[in-house]
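Here's the structure, in structure tokens; my notes come after.
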Amino acid sequence: MLDIKRIRENFDEVAEGLSRRGAEIALAETARDLDVKRRAIVVQADELKTQRNARSKEIGALKKAGQNTDAVQADVRLIGEQIAALDEELRQTEEALETSMLRIPNVPCKTIPTGPDATANRVVRSWGSTPSFTFKPLDHIALGEKLGLFDLPRGVKITGSGFPLMKGAGSKLQRALVQYMLDMHTEKHGYTELLPPFVVNSASMRGTGQLPKMAEDMYHCEIDDLWLIPTAEVPVTNYHRDEILESKLPIYLTAYTPCFRREAGSAGKDTRGILRVHQFDKVEMVKFVEPETSYDELESLVVNAEAVLQGLGLHYRILELCSGDISFSAAKCYDIELWAPGQQGWLEVSSCSNFEDFQARRLNCKYRDATGKARLVHTLNGSGVALPRLVIAILEQLQQEDGSVLLPEVLRSYMRGMEKLMPMA
RNA sequence: GGAGGGGUGUCUGAGUGGUUUAAAGAACCGGUCUUGAAAACCGGCGUGCCGCAAGGUACCGGGGGUUCGAAUCCCUCCCCCUCCGCCA
């Protein structure tokens with residue numbers, strides 16, 4: 001959520017930012033008008049409340065003195081009725097204001113490229129090189145079948161399409177990757193590991209912005225009004241919801257969780273294999289930082305995610321997303337994409353974003369600055385990284401002519417010494 | 001799931017309808033004193049909203065109600081504790 005004061009005082013700047021995104025300026029205009037109305041009502045209601053408080057005290061004093069209070073009581077009753085009417089009007093105005101504020105996306109950072117969609121994203125850097133093969137590389141589905149890493153038809157039988165079932169060395173590889181990433185972030189990058197609930201309440205979903213907009217894309221348990229998390233960002237960021245942080249910033253948290261996404265619109269393209277699924281595993285990184293440092297923190301967040309891929313020796317590139325392609329809450333975002341030789345394309349495995357105070361405002365998460373004043377923190381998060389596509393890239397980039405897949409050095413201890421994934425006999 | 005007891009500021013804790021603008025203590029911050037520290041004393045010490053400010057207003061787990069007036073009474077939900085039931 002944006003700061004209403006920013007809309008009130010710097011409307012043109014907000015409007016320009018929204019138009020760079022392709023968002024409607026009308027939303028901000030509505031908010032601006034409702035804010036004017038709201039403040040007028042507050043002034044009026046507060047004045048009446050001052051009167052009521054004063055006159056109510058008179059009644060107390062009169063009663064103590066044993067005097068009749070009928071006249072004053074009638075007055076106060078009248079004031080009370082006026083207040084009730086104003087409060088109701090205020091409630092409606094605030095509700096309308098809240099509704100429009102929740103629909104306004106974040107203002108993009110000034111420095112990011114302007115453009116309508118992914119075509120305007122900028123490649124910032126790449127690492128490694130495109131592997132060349134003396135044979136025709138297979139895609140991950142063929143490799144997974146030959147190596148016996150997953151059994152997708154049985155996942156369909158047990159649950160439905162998009163619920164992959166990993167098996168044997170495939171499930172072990174997932175487990176190894178989770179361990180490898182968590183160990184790296186906790187031991188080398190200074191993150192504290194959490195193992196949070198995978199199911200959260202509606203307040204948490206609102207805190208990070210999934211509700212109200214994304215309700216249709218999430219799994220909901222109606223009887224308890226609880227939601228399956230679409231990303232660890234939700235429980236981990238809500239860790240500090242409704243708090244004034246007394247500990248020193250920055251705070252770095254990381255967590256492994258499964259992620260559940262209904263993604264109603266995904267039928268058709270990319271539905272084969274484990275590229276786009278309803279349940280997948282991910283290691284997430286979340287930062288709570290001082291506003292002045294958040295853009296530096298974004299750079300180091302990306303570097304933390306890159307270290308995972310560099311350790312595995314995988315070819316990747318970093319994109320700086322343009323104004324039209326960043327997510328609703330983000331002010332700036334880098335995507336990390338892995339090269340997938342089997343499909344001759346780039347796969348997004350991480351999205352690292354600075355939300356500035358956009359998330360912290362709904363989250364009600366503050367810290368104390370040097371003067372002791374409570375200020376909103378800046379929040380960031382990034383995948384570090386998402387697993388199915390990482391597995392795809394490992395299989396496709398590291399496949400050998402004999403049909404095996406050479407495991408990166410760093411994974412071997414986690415795989416109990418295994419060096420290669422071998423085809424089934 | 002059932003029965004009972006609770007939820008007040010950073011913490012402890014008073015407050016069961018009317019100067020409560022929430023007592024008191026502790027912690028914390030600043031000051032005095034001191035060579036320095038401790039102690040003592042003085043002052044400060046929640047969050048939001050409106051306002052240039054002075055100030056006003058709201059908040060005692062959340063929501064609703066009764067009343068001229070609610071931390072206080074009623075309803076409801078959430079959470080914590082104790083006991084019982086169930087259980088990986």
> With a non-hydrogen cut-off below 4.0 angstrom, is A:Asn53 in contact with a base, only sugar-phosphate, or nothing?
Replying inline: sugar-phosphate
> Regarding A:Glu337 and A:Tyr316, is there a side-chain donor-to-acceptor distance under 3.5 Å anywhere?
Replying inline: no
Would you mind reading off the distance between [X] atom [atom1] and [N] atom [atom2], rounded to a whole angstrom?
{"X": "A:Ile59", "N": "B:rU19", "atom1": "CD1", "atom2": "P", "answer": "12 Å"}
{"X": "A:Leu245", "N": "B:rG46", "atom1": "CG", "atom2": "C1'", "answer": "16 Å"}
{"X": "A:Asp242", "N": "B:rC79", "atom1": "CG", "atom2": "P", "answer": "16 Å"}

> Measuring from A:Asp139:CG to A:Leu275:CG, what's the distance to the nearest 0.5 Å?
Replying inline: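 A:Asp139 atom CG to A:Leu275 atom CG measures 10.0 Å (nearest 0.5 Å).
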>> I want to confirm an ordering. Mapping A:Val76 and A:Lys49 to their closest nucleotides on RNA chain B, which one lands closer to the 5' end?
In response: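 The residue whose closest nucleotide sits nearer the 5' end is A:Lys49.
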> 5'-most contact on RNA chain B: A:Val43 or A:Lys57, nearest heavy atom basis?
Replying inline: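 Here A:Lys57 is the residue nearer the 5' end.
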> Reckon A:Lys366 has a side-chain N or O less than 4.0 Å from the OP1 or OP2 of B:rG48?
Replying inline: yes
> Does A:Thr50 put a side-chain nitrogen or oxygen below 4.0 Å from OP1 or OP2 of B:rU57?
Replying inline: yes
> Got a sec? Which of residues 89-98 of chain A come in under 4.0 Å of RNA chain B, heavy atoms?
Replying inline: none
> Quick one: which of A:Asn354, A:Thr379, A:Asn106, A:Thr208 gives a side-chain hydrogen bond (donor to acceptor under 3.5 Å, both in side chains) with A:Gln359?
Replying inline: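 Result for side-chain hydrogen bond (donor to acceptor under 3.5 Å, both in side chains) with A:Gln359: A:Thr379.
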